[in-house]
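What follows is a single structure, written as structure tokens, with notes after it.
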Amino acid sequence: MKPRNIVFIVAYAIALTGISLWMGQLSYSWFPPQASAESLLIDKLFAFLVTLGTFIFLGITGVMIYSVVFQRATKYDFSDGPHIEGNVTLEVVWTAIPILLVFWLAGYSYYIYDQMAIRGPMEMMHLSMGHGDTTTAVEEQPTEEIEVISKQWAWVFRYPKSNVTSTELHLPANHRIKLALTSEDVLHGLYIPAFRVKQDIVPNETIDFEFTPIKEGTYRLRDSQFSGTYFATMQTNVVVESPEDYQTWLAEAKKRKPSPAYNQAAAEYSEHTQRTFKTGWPTVIPADPPVVNYSKNESPLSPL
Amino acid sequence: MTDSQVKTTNIITESYQDLSARNWKRYFSFSTDHKVIGIQYLVTSFIFFLIGGIFAMVIRGELITPEADLVDRTFYNGMFTMHGTIMLFLWTFPSLVGLANYLVPIMIGAKDMAFPRLNAAAFWMVPIVGTLMMASFFVPSGSAQSGWWSYPPVSLQNPTGQLITGQFLWILAVAISGVSSIMGAVNIVTTVVKMRAPGMTFFRMPIFVWAVFSAQIIQLFGLPALTAGAVMLLFDLTVGTSFFDPSQGGNPILFQHFFWFYSHPAVYVIILPIFGIFSEIFPVYSRKPLFGYKIVAISSLLIAAVSGLVWVHHMYASGTPGWMRMLFMLSTMCVSVPTGIKVFAWVATIWGGKLRLNTAMLFAMGALIMFIFAGVTGIMLSAVPVDIHVNNTYFVVGHFHYVLYGTVTMGMYAAIYHWFPKMTGRMYYESWGQVHFWLAFIGTNLNFLPMHPLGLQGMLRRVASYDPEYTFWNVLASLGAFLLGMSTLPFIVNMVSSWIQGPIAPSNPWRAIGLEWLIASPPPVENFEDTPIIVSEPYSYGKSDPLVSNLEGVLGHHE
């Protein structure tokens, strides 16, 4: 290879590395706020994948674009290119590199997953998962187990120790949270984008799920598994507050008398809102609006 | 003009008149000619592609504003369910089977498929499947609304209480489509194994044949699982069995295993022939042999083998224990090894060549660039922690549309432009092809790129309404979708007008090497007069080796 080409390739690789590292850093801004300990880990892994992915994508497409620009046949050139069928060394190298990369990526992802230590179903079948060292979590043991009841199309949260029910999920910041997920009808999925956590909820099963919120604020909780006609309306707020505020909220909610909460699916079903095009196809009737101590009248389309 | 050139010209004219005499009517008949069946598949599936595309326009029309204000929610759910189903079962599968039907026998030197009547029967099930699907819009329950996955228990909910519902027709159609595809797979695998011409060893087969062969092997082990799952779901829905119904003790997760055991490998069934198309097109328009032919051929079989071990990556967030998540993360990432080998081989083929950027090449290169992008996001999705955040969000929708539109549909366009002169005996209009490419390329990226930030921010798939914070990217995506919809117009105009009155095509307009380019355009009924005897490797650009030893006999002018 000519020295000039080597210099060119090295310069190109350095430029690519720079761009890739920059993209990796930029990727943190593509996410919602980092509101849980898990989100820090996932964003870190994602940034790493973006860095590597950018390098691979630009590396390969760069070569293609170079060919398109500089290696075109002229109008009257009907000759063939060089008859090159292969190159064993090159083929071995580019088989070995992806294999090594795959094991590296899988190993790193495993490491991150182990640190997250989120619980899922069938805990007894875990080998070594779930005993990771969650350095960012403030405590190992969850404070209170909150029951999550999902149905077509509403979320109900029950705090058994204080006997409070709510359509809004309130959580103390910097405490390990344990949820017990149940469904009354079909598959649902608990998903809080700001926490980067998601778990499907299977009827007839109680699925334990753990994570640690670390940032106070109000976030969206959505149903991640398609659950029928009013699927899109099955969202609610998650309020992360200081442990003191959380206790105040629990005490205050406990005093309230249970009453039916606003439910978008039920409201739409009874109102038949105006649409440009209506088929009138039958739908599963929404479950009765949940009767809870605490609810917040809200339109599901309200911003955060 | 030399003597042999005169003869070739005569053959072309005769062959063309021969076919035009019986004109278009044979495409509506129960023909057993693999080429007629191939065209029947291609045209039928393209009609369904347009219907599926119109449904996509309704979806993007609804999502251009945060509120659910264009159509009612039930209709919206029907739209995305039918869009997904039509695009998979009535566009990508049949169109690629059609292409394989047309090309594989010619490429291996056979006169027809191994079982011509089975072939025709498999095709005629496609319009039946399509009719059943469309009929679901006219039953009182409306079309199926539970997504193309049709996960129970949502797919088992039947608010009308009637037996014949959209969901019922949908499951029936999917099961029949499975049967049709199994018939096609048996036929293609048998043809490749048993019908190769003398001298056409496995390592002399074009990569397209290798790719189709590998893909159809996946069909043979995967489709029975999906079909069984569909039949069990049908029983649950109609006669009250409880395989999957949790209210009667069934297990809905079991359905997910049945479904994904086939439906992930199905992605490779679709993408492998596209890899084959890339491998045919890059050498021709770069004037170079396919780099690393053998390793590219073997990597197709490797992809087929690994594909059987990846299905659980769709179920990371379902009911999957951690050890299984880790195992399937590794197996899923392993797919990138044989795929990476292919990508490097294509880039090395292009490198240092003498490139000609006509429409087929543009589509192939555009598709490859979008495939590399999809590959990068695919690796992100296979990493369990990232997947926990983004699965079921628009990040996934963006990723698989880069695969299914960016790569598969664009690759299909490349194939249609490349083999159009062979199939019709006419040339297409190059400038219209270029217009089509640029509209489609820009439209695809404008449509599907914004879906990635949407998914990262937490917008879920299958929602009819969304929080206003997602509006910006959705408007962009919808505009891209409408542009993409428009991009098919120059294609249709070009294809129809070229087929009717385009310039007569020579037998080998691209100076390509391959059996199909030796014979007339369009090929005569039994392809070859004498069975060709193959004497050299495929893709011998830069060399002047003859491909067959009995060219005169193959073309039918015996001295």
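Just so we're on the same page: letters track the sequence lines, and every chain starts at 1.
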Kindly indicate whether the side chain of B:Met333, heavy atoms from C-beta on, has any atom under 4.5 Å from the side chain of A:Ser109.
yes
A side-chain contact here means heavy atoms from C-beta on lying under 4.5 Å apart; do B:Leu290 and B:Phe282 qualify?
no
Select all residues of residues 51-60 of chain A having any heavy atom within less than 4.5 Å of some heavy atom of chain B, and report them by number, or 'none'.
A:Gly53, A:Phe57, A:Ile60
I'd like to know whether the aromatic ring centres of B:Tyr402 and B:Phe371 sit less than 6.0 Å apart in this structure.
no
Where do B:Met380 and B:Phe395 come nearest, in terms of heavy atoms and distance?
SD-CZ, 3.9 Å
A:Thr233 side chain near B:Arg73 side chain, heavy-atom distance below 4.5 Å
yes
Select one option (side chain, backbone, both, neither) describing which atoms of B:Pro140 are under 4.5 Å from chain A's heavy atoms.
backbone
Could you tell me which portion of B:Val463 (side chain, backbone, both or neither) has an atom closer than 4.5 angstrom to a non-hydrogen atom of chain A?
both
Using non-hydrogen atoms and a 4.5 Å limit, figure out which bit of B:Trp346 sits close to chain A: side chain, backbone, both or neither.
neither
So, are A:Asp77 and A:Arg72 salt-bridged, with charged N and O less than 4.0 Å apart?
no
Region of B:Pro338 in contact with chain A, defined by heavy-atom distances below 4.5 Å:
neither
Tell me, side chain or backbone of A:Lys75 under 4.5 Å from chain B's heavy atoms, or both, or neither?
backbone
On the ring face of A:Tyr191, is A:Lys198 found with NZ or CZ under 6.0 Å from the centre and within 45° of the axis?
yes
Contacting moiety of B:Gln162, where chain A heavy atoms sit under 4.5 Å
neither
Select one option (side chain, backbone, both, neither) describing which atoms of B:Leu368 are under 4.5 Å from chain A's heavy atoms.
side chain
Please flag which part of B:Val343 lies under 4.5 Å from any non-hydrogen atom of chain A: side chain, backbone, both or neither.
side chain
